[in-house]
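Every heavy atom of this structure was used, including side-chain atoms; hydrogens, water molecules and symmetry mates were not. Chain A is the first sequence line, chain B the second, and so forth, proteins listed ahead of strands; every chain is numbered from 1. Note that this is a predicted model, so its numbers are computed, not measured.
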Protein chains: 2
Amino acid sequence: MSIETDIKQKKFRSPYQRLSINLTYTSNWLGYKQLELFKEHDITSQQYNVLRILRGQQSNAIKVTEIAERMLDKNSNTSRLIDKLLVKGWAERTSCPSDRRAVDVVITPAGLDLLSKMDPALEEWENGLSSVITPEEADLMSSLLDKMREAENNNL
Amino acid sequence: MSIETDIKQKKFRSPYQRLSINLTYTSNWLGYKQLELFKEHDITSQQYNVLRILRGQQSNAIKVTEIAERMLDKNSNTSRLIDKLLVKGWAERTSCPSDRRAVDVVITPAGLDLLSKMDPALEEWENGLSSVITPEEADLMSSLLDKMREAENNNL
DNA sequence: ATACATTTAATGTAGTAACATGTATTTATC
DNA sequence: GATAAATACATGTTACTACATTAAATGTAT
């Protein structure tokens, strides 16, 4: 269904406004889809995001600031997200020896286990996109999204 | 900058996972960009979304449920969003004569005025995308986003 | 060495969102 | 026409986010 039908707006002032609105709408739509899976595992989308980043680090520790940057998030929120992961036993936090202001965060085996339990459902959903989008189109979209973030007048 | 560089993740399990993550990331990125403009006008992104829908209705009233559907939002939150618009004088709420459970919402002249003040900046930002994306590419992206929302296994 | 600025993370506060529930009204079934 | 189910909206609760501030550690200039 086209974005025009979904939000019942017939006209847009430009292809760029339509894209901008469609991007936000589709991202929200995806968020709601994922929410259902996340709820089953008693984790939020943001908490999952942190865990995924931690897994990408393998056993290497990562600092709160670094996590926040990759998430486009504020340090303060990331701190509290990690609190939740700690309580649930999915992550560990140790003071960084070389810089005692910093905090080293690593994923625990329990955290890795959780992610591996969630992987199949997410992978299946992602691959379900192949019924409507070719791998080439997916790559094309990714590169166009990358381009969007490079527009000249980045500032509103 | 590619999504790989931005989130410092080198490998994805498929073009579809990369697209999925890139979509969320870019939408968040866009949200932060827009946040700055919204703050200047003492309005939130969600409140703006409602106002934009109301303007699209011209002088025709619209029900809370209908607004919530177009926003992919919950009724309860939309109720409170409209509360905020009321307080600021940007919208009006009247009991619907034909169905007294329902509430008719319309935008006020002040609301229209606010939107018209915000339009130029948003339009300028949107058109700034033309430095990196052609109108044809923007339309292509929109239609691919539409397709994404139609994938077979919609449910996780 | 000392003063001052910067960096890193955490916390207090207010606003916002998700979810469940409550209330009033309408629609459907008997 | 009475009762049950569905609909439209509002509200209470809990958790999350943005922002400002704080606290501690580090960097830098004199």
Side-chain angles (χ1 to χ4, degrees), chain A residues 24 27-51 54 61-88 91-106, chain B residues 24 27-29 31-51 61-88 91-106:
Chain A
T24 303
S27 171
N28 287 346
W29 170 86
L30 176 60
Y32 276 110
K33 288 287 163 199
Q34 293 177 335
L35 192 61
E36 318 212 348
L37 174 70
F38 291 150
K39 271 196 296 186
E40 287 172 25
H41 294 275
D42 194 29
I43 191 173
T44 68
S45 143
Q46 292 293 72
Q47 288 170 18
Y48 174 82
N49 211 349
V50 175
L51 268 194
L54 292 180
I62 184 174
K63 316 236 177 308
V64 175
T65 308
E66 170 77 12
I67 297 172
E69 274 173 13
R70 298 199 201 172
M71 293 179 68
L72 291 179
D73 201 359
K74 315 288 178 186
N75 283 6
S76 58
N77 294 332
T78 306
S79 272
R80 280 187 266 230
L81 284 173
I82 293 168
D83 286 342
K84 305 292 162 56
L85 300 183
L86 279 181
V87 169
K88 289 171 179 166
E92 275 177 1
R93 181 155 54 178
T94 54
S95 177
C96 173
S98 60
D99 183 343
R100 285 188 303 170
R101 293 169 304 181
V103 168
D104 283 336
V105 184
V106 286
Chain B
T24 303
S27 172
N28 286 346
W29 170 87
Y32 276 109
K33 288 289 165 198
Q34 293 178 334
L35 191 61
E36 319 213 348
L37 174 69
F38 290 150
K39 272 196 297 186
E40 288 172 23
H41 294 275
D42 193 29
I43 191 172
T44 68
S45 147
Q46 294 289 69
Q47 287 169 18
Y48 174 82
N49 210 347
V50 175
L51 267 195
I62 185 175
K63 314 242 177 303
V64 175
T65 308
E66 169 78 11
I67 296 172
E69 274 173 14
R70 297 200 202 172
M71 293 179 71
L72 290 179
D73 199 1
K74 314 290 177 188
N75 281 4
S76 58
N77 296 329
T78 307
S79 278
R80 279 186 268 230
L81 283 173
I82 294 167
D83 286 344
K84 305 293 163 56
L85 300 183
L86 278 183
V87 169
K88 288 170 178 165
E92 275 177 2
R93 181 154 55 177
T94 54
S95 177
C96 173
S98 61
D99 182 345
R100 284 187 305 171
R101 293 170 306 180
V103 169
D104 283 335
V105 184
V106 287

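- Heavy-atom nearest nucleotides on DNA chain C were determined for A/Val64 and for A/Tyr32, and the one closer to the 5' end corresponds to A/Val64.
- Using a 4.0 Å heavy-atom cutoff across all strands shown, A/Ser76 reaches at least one base atom of the nucleic acid.
- For C/dT16, the OP1/OP2 oxygens have a side-chain nitrogen or oxygen of B/Lys84 closer than 4.0 Å.
- Residue A/Ser79 has no polar side-chain atom (N or O) positioned under 4.0 Å from OP1 or OP2 of C/dT11.
- In plain terms, the two heavy atoms of B/Ala61 and B/Val106 that are nearest each other are CA-CG1, 3.6 Å.
- A salt bridge between A/Arg93 and A/Asp104 is absent, with no side-chain N of the basic residue lying under 4.0 Å from a carboxylate O of the acidic one.
- Under the 3.5 Å distance criterion, the side-chain polar atoms of A/Lys63 are left unmatched by any main-chain donor or acceptor of A/Cys96.
- Taking side-chain N and O atoms only, A/Asn77 has a distance below 4.0 Å to OP1 or OP2 of D/dA18.
- Each of B/Asn75 and B/Arg80 has a nearest nucleotide on DNA chain D; the 5'-most of these lies closest to B/Asn75.
- Residues from residues 92-106 of chain A that place a heavy atom under 4.0 Å from any atom of DNA chain C, listed by number: A/Arg93, A/Arg101, A/Ala102, A/Val103.
- As judged by a 4.0 angstrom heavy-atom cut-off over every strand, B/Thr78 is placed among residues making no nucleic acid contact.
- A close approach under 4.0 Å does occur between a side-chain nitrogen or oxygen of A/Lys39 and OP1 or OP2 of C/dC19.
- Put simply, A/Gln46 has no side-chain N or O that comes within less than 4.0 Å of OP1 or OP2 on D/dC16.
- A sub-4.0 Å separation between OP1 or OP2 of D/dA20 and a side-chain N or O of A/Lys74 is absent.
- The backbone N or O of B/Leu72 sits less than 3.5 Å from a side-chain atom of A/Tyr32, completing a donor-acceptor pair.
- Listed pair A/Gln47 / D/dC16 meets the phosphate criterion, a side-chain N or O lying under 4.0 Å from OP1 or OP2.
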